[in-house]
Protein chains: 2
Amino acid sequence: MVVQSLVETTSAAIQEHDAQDAAPSPRRRRKDARPSELTAAALDLFVEKGFAATRLDDVAARAGVSKGTLYLYFDSKEALFKAVIEEGIVPALAAAEQQLAGYQGTSAGLLQALLNGWWQQIGNTHLGGVVKLIISESRNFPDAAQYYHDHVIVRGRSLLRAALNRGIATGEFREMNVESCIDVAIAPLLMLVIWRYSLCFCGNDIDPAEFLRTHVDLLVNGLQRKETNQ
Amino acid sequence: MVVQSLVETTSAAIQEHDAQDAAPSPRRRRKDARPSELTAAALDLFVEKGFAATRLDDVAARAGVSKGTLYLYFDSKEALFKAVIEEGIVPALAAAEQQLAGYQGTSAGLLQALLNGWWQQIGNTHLGGVVKLIISESRNFPDAAQYYHDHVIVRGRSLLRAALNRGIATGEFREMNVESCIDVAIAPLLMLVIWRYSLCFCGNDIDPAEFLRTHVDLLVNGLQRKETNQ
DNA sequence: AAATTTACTGACCAGTCAGTCAGTAAATTT
DNA sequence: AAATTTACTGACTGACTGGTCAGTAAATTT
């Protein structure tokens with residue numbers, strides 16, 4: 001495995017960005033920057049066209065190198081795919097971990113902070129593409145899907161579970177099936193991301209901010225105790 | 001274009017179902033049944049592997065014919081794809097149309113009936129695969145995605161819009177951004193279907209019935225008026 | 001039962017693309 | 001400045017697959 005410490009090298013070495021210059025650019029030599037440039041290009045194309053329909057020539061061209069160079073850094077197309085997923089997961093985890101740290105306030109506010117934070121730091125960034133990619137290719141790459149599931153989804157569910165149990169313990173929320181609530185709370189976020197990379201291009205424009213506000217509003221109101229129960 | 005009136009011929013002629021018989025079955029001649037058999041096989045494989053990764057030889061084999069036969073009924077791989085989508089949409093529309101017809105009762109009940117009905121008649125059937133397929137391939141087939149969007153999604157949103165406006169008009173629901181509510185209400189259903197065809201195979205088992213119950217419960221409670229407003 | 005039509009087959013072709021590697025040029029060392 | 005190392009290139013190949021079509025056999029007509 002050639003890939004390591006991809007994320008750090010990204011911002012360190014972006015100087016020239018003449019990938020698709022017509023002029024035969026003087027052959028650049030930037031070993032450290034290549035992997036992240038290649039995975040970034042690959043993510044874009046994988047999300048847009050899917051894994052099978054993406055040509056490695058196109059990935060290399062978008063990264064401004066030849067296909068041969070791609071094979072200096074990744075053993076195979078599949079290895080490139082897994083690197084894309086892995087690189088997309090690490091920042092997601094980092095973002096998630098620092099969310100719940102010592103939050104003070106209502107559980108409703110905590111819930112809102114978690115959902116908004118996820119959107120700001122993952123859903124609304126280019127990391128969101130990873131979600132669609134995993135969904136689309138999970139059957140072709142069950143181990144990558146499993147990896148994503150175990151590391152991202154399970155952990156994200158834990159965060160929400162904590163917030164929900166906290167609210168129920170304090171009496172702020174009514175008793176509910178917590179596990180189902182977790183899934184119901186996450187689903188609109190995932191759907192919003194998926195939407196942005198699929199049907200969004202059919203002219204339907206969902207306003208993410210308004211969508212999120214409505215979702216959190218409905219969710220919190222739905223969870224809170226009230227006199228007229230059902 | 002060879003494809004026409006696929007849906008009608010479907011139920012008309014399903015008699016023998018020996019697609020993957022080991023014995024060299026005596027060459028069958030069933031012109032009318034072929035198209036739907038082929039689209040059914042194609043749907044399965046497209047959903048599982050994606051369009052590009054699906055071999056037409058495999059589609060034909062699953063339908064119990066040779067690849068040459070496939071080309072007697074469909075002009076190209078892309079034509080097959082579009083037939084799959086089209087055949088998946090028609091029943092969805094039929095199911096949707098007969099939902100709202102003269103419903104009596106609370107708007108909450110109507111909402112619940114709409115969501116449950118969609119799940120029963122579309123999400124929980126093999127038609128659900130079409131949703132994942134559209135999502136995954138929308139960028140590769142923008143016109144098919146547009147078609148699906150215009151005919152299925154827009155119409156589905158109209159049904160929900162009517163239910164929500166009805167509830168607001170009667171005072172049962174509070175004032176809200178109706179358009180966002182529609183999307184938030186649909187998202188978990190779509191996500192549930194997508195889940196069943198993707199990450200579901202990672203060992204995570206969502207109970208659809210419980211998920212739906214929780215979603216409807218939260219949604220209705222979130223929509224209803226209450227004293228302690230926010 | 002001979003002739004014709006119809007549904008179907010599977011070997012084949014042509015284009016595509018993942019993966020290879022001998023060669024090139026920039027950088028570094030001597 | 002010569003020698004060596006390193007990053008990179010792009011032409012090539014072999015396998016694969018969408019699409020074709022001459023041929024076959026069941027059904028139908030004569």
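Keep in mind that what you see is a predicted model, and the values were worked out from it rather than measured. In what follows, chains carry the letters A, B, and so on, assigned in the order in which the sequence lines appear, proteins first and then strands, with residues in each chain numbered from 1. Hydrogens, waters and symmetry mates play no part in the numbers below; they use all other heavy atoms, side chains included.
Every residue two or more places apart in sequence or in another chain was checked for a salt bridge (Lys or Arg N to Asp or Glu O under 4.0 Å) with B/Asp150, and none qualifies. In this structure B/Asp57 satisfies the salt bridge (Lys or Arg N to Asp or Glu O under 4.0 Å) test together with B/Lys67, sequence neighbours excluded. Every side-chain contact (heavy atoms from CB on, under 4.5 Å) that B/Ala53 has, sequence neighbours left out, goes to A/Ala52, B/Lys49. Every side-chain contact (heavy atoms from CB on, under 4.5 Å) that B/Ala145 has, sequence neighbours left out, goes to A/Leu199, A/Cys202, B/Ser138. Shown here are the side-chain contact (heavy atoms from CB on, under 4.5 Å) partners of A/Phe141, two or more places apart in sequence or in another chain: A/Phe51, A/Glu78, A/Phe81, A/Glu137, A/Asp143, A/Ala144. Applying the side-chain contact (heavy atoms from CB on, under 4.5 Å) test to A/Tyr147 and every residue at least two apart in sequence or in another chain returns A/Glu86, A/Ile89, A/His151.
Residue pairs meeting the salt bridge (charged side-chain N to carboxylate O under 4.0 Å, His left out) criterion with at least one member in residues 188-211 of chain B, sequence neighbours excluded: B/Glu210-B/Arg213.
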Which atom pairs, donor and acceptor, lie under 3.5 Å between side-chain atoms of residues 182-192 of chain B and protein residues at least two apart or in another chain?
{"residue": "B/Asp183", "atom": "OD1", "partner": "B/Arg157", "partner atom": "NE", "Å": "2.9"}
{"residue": "B/Asp183", "atom": "OD1", "partner": "B/Arg157", "partner atom": "NH2", "Å": "3.2"}
{"residue": "B/Asp183", "atom": "OD2", "partner": "B/Arg157", "partner atom": "NH2", "Å": "3.4"}

Please enumerate all protein N or O atoms sitting under 3.5 Å from an N or O of nucleotides 10-15 of chain C, with distances to 0.1 Å.
none

Kindly give the atom pairs (protein nitrogen or oxygen, nucleotide nitrogen or oxygen) under 3.5 Å for nucleotides 4-6 of chain D.
{"residue": "D/dT6", "atom": "O2", "partner": "A/Arg29", "partner atom": "NH1", "Å": "3.2"}
{"residue": "D/dT6", "atom": "O2", "partner": "A/Arg29", "partner atom": "NH2", "Å": "3.2"}

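Using a 4.5 Å heavy-atom threshold, the side chains of A/Leu56 and A/Leu80 count as touching.
For the pair B/Asp75 CG and D/dG18 P, the computed distance is 16 Å after rounding to whole Å. Regarding A/Phe74, its CZ atom lies at a distance of 18 Å from the C1' atom of C/dT20, rounded to whole Å. Taking atom NZ on B/Lys77 and atom C1' on C/dT16, their separation rounds to 12 Å, with Å as the unit.
Taking the charged nitrogens against the carboxylate oxygens, B/Glu179 and B/Arg161 do have a contact shorter than 4.0 Å, which makes a salt bridge.
Side-chain proximity of A/Ser76 to C/dT9, C/dG19, D/dC8: nearest is C/dG19.
Side chain of A/Ser136 to main chain of A/Leu133: no donor-acceptor pair is present (N/O by atom type, distance under 3.5 Å, no hydrogens or angles).
Within residues 48-60 of chain A, the residues having any heavy atom closer than 4.0 Å to DNA chain C are, in order of number, A/Thr54, A/Arg55, A/Leu56.
Using a 4.0 Å cut-off, no side-chain N or O of A/Tyr73 falls inside it from OP1 or OP2 of D/dA7.
Taken together, the paired segments of DNA chain C that extend over three or more consecutive Watson-Crick or G-U pairs, each closer than 3.5 Å at both contacts, are C:1-30 with D:1-30.
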